[in-house]
Amino acid sequence: MPGAVKVFGSPSSAEVARVLACLFEKDVEFQLIRVDSFRGSKRMPQYLKLQPHGEALTFEDGNVTLVESRKIIRHIADKYKNQGNPDLIGMGALERSSIEQWLQTEAQSFDVPSADVVYSLAYLPAATTQPNKGGAAADGGRCEEEKNDDGGRDRRYSSQRQGGGAGAGGGRDGQMAAAHRQKVEEMRQLFEKSSKELNKVLDIYEQRLEEAEYLAGDKFTLADLSHLPNADRLAADPRTLRMLQSRRNVSRWWADVSGRESWKQVKSLNRPPSAEAPF
């Protein structure tokens, strides 16, 4: 039924972007109802009635309502297997098993460290992102965070500087400066920890992609698609782009999957949250 599929959320959310990419791959007609994930309790009552817990993503397909992006893309690929890209979920038990294995790897090993790396960089000047260099600068950006329904994080970033200089003598300005320096140090430690974890995962990917064109074999599948949102955020910052580019096979894979028409369509939908958003 045309128009039966509805996606509530913001395309800037990794969870929503993952679902939209799958819908485009499968040529499924859908309606996108933009929701500002960061409004929280300020969301309109209509949406809170639909999702009382205010999830960042809600998917409706007829009588089916889902909120977890990976569960949603499995549903889409299976229900609409006879249209669009036929390879997303695999053709047999062996293919499906391989796809499921790499989907689990993305969810359990890639998602959190990649999100944490990007999150920490929103606070850190370039000089503080070198793991072997001590001392965190006292200046950085700001980031707002919302936990999503797959256990990861969706974040919104700004380059606005936070208050207070290192030389503040005391009082409120001095307290703000000290708190900010502490936050930057926490983010530096998070960056170092998460980048080490992420590099280990990418080394595994590099080895796998030496053997196959894509993660689950020689066809683009849900295993690759699920990586698109967070990998795109890594590629958007020169400090993390090198994590992808320094690995020959990962770099080749990323150039391929990020150039797919479905992902270009998702990125074309991105725009800053607006006061005119319906929810």
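Count residues from 1 along the sequence. The model shown is predicted, which means the values in this text are computed figures rather than measured ones.
- Within the 4.5 Å cutoff, the side chain of Arg239 has no heavy atoms near those of the Val117 side chain.
- Here OH of Tyr205 is found 6.0 Å from CG of Leu215. Values are rounded to the nearest 0.5 Å.
- Donor-acceptor pairing under 3.5 Å is lacking for the side chains of Gln207 and Glu211.
- The side-chain hydrogen bond (donor to acceptor under 3.5 Å, both in side chains) search around Gln108 returns Gln104, not counting sequence neighbours.
- Between Arg248 and Glu210, at least one side-chain N (NZ, or NE/NH1/NH2) sits under 4.0 Å from a carboxylate O, which counts as a salt bridge.
- By the side-chain hydrogen bond (donor to acceptor under 3.5 Å, both in side chains) test, Lys200 is found to be paired with no residue, residues two or more places apart in sequence or in another chain being considered.
- Using a 4.5 Å heavy-atom cutoff, the side chains of Val16 and Arg34 are not in contact.
- A search for ring-ring contact (aromatic ring centres under 6.0 Å, His included) contacts involving Phe24 returns Phe30, not counting sequence neighbours.
- Between Leu121 and the choices Leu234, Asp116, Thr240, the side chain to side chain contact (heavy atoms under 4.5 Å, CB included) rule is met once, by Thr240.
- With sequence neighbours excluded, the residues that form a side-chain contact (heavy atoms from CB on, under 4.5 Å) with Gln182 are Glu186.
- Here the side chains of Leu209 and Arg247 are not in contact, with every heavy-atom distance at 4.5 Å or above.
- Comment: Glu192 does not engage Lys196 in a salt bridge, judged by the lack of any side-chain N to carboxylate O separation of less than 4.0 angstrom.
- Put simply, the side chain of Leu57 does not reach to within 4.5 Å of the side chain of Ser13, judged on heavy atoms.
- In this structure, the side chains of Arg70 and Ser226 come closer than 4.5 Å at one or more pairs of heavy atoms.
- Using cut-offs of 30° and 60° on the angle between ring planes, the pair His227 and Phe110 is tilted.
- In this model, no donor atom of one side chain and acceptor atom of the other lie less than 3.5 Å apart for Gln83 and Asp27.
- Around the NZ atom of Lys81, the shell of radius 6.0 Å holds no more than 12 heavy atoms that belong to other residues, nucleotides or ligands.
- Partners of Asn63 by side-chain contact (heavy atoms from CB on, under 4.5 Å), not counting sequence neighbours: none found.
- Contact between Val28 and Val5 at its shortest, heavy atoms only, is CG1-CG2, 4.0 Å.
- Screening residues 254-263 for salt bridge (Lys or Arg N to Asp or Glu O under 4.0 Å) gives Glu25-Arg260 as the qualifying pairs, with residues at least two apart or on separate chains.
- Identified under the ring-ring contact (aromatic ring centres under 6.0 Å, His included) test for residues 62-82, with sequence neighbours left out: Phe59-His75.
- When side chains are defined from C-beta on, Ser120 does not count as touching Gln189, because their heavy atoms never get closer than 4.5 Å.
- Taking Ser246 as the reference, nothing meets the side-chain contact (heavy atoms from CB on, under 4.5 Å) condition, with sequence neighbours excluded.
- Under the rule for a ring-ring contact (aromatic ring centres under 6.0 Å, His included), Trp254 has no partner lying at least two apart in sequence or in another chain.
- Every residue two or more places apart in sequence or in another chain was checked for a side-chain contact (heavy atoms from CB on, under 4.5 Å) with Ala255, and none qualifies.
- Within 6.0 Å of CD in Glu213 there are more than 12 heavy atoms belonging to other residues, nucleotides or ligands.
- Tyr214 is linked by a ring-ring contact (aromatic ring centres under 6.0 Å, His included) to nothing, counting only residues two or more places apart in sequence or in another chain.
- The heavy-atom pair separating Ser195 from Met243 by the smallest distance is CB-CE, 3.5 Å.
- Shown here are the ring-ring contact (aromatic ring centres under 6.0 Å, His included) partners of Trp263, two or more places apart in sequence or in another chain: there are none.
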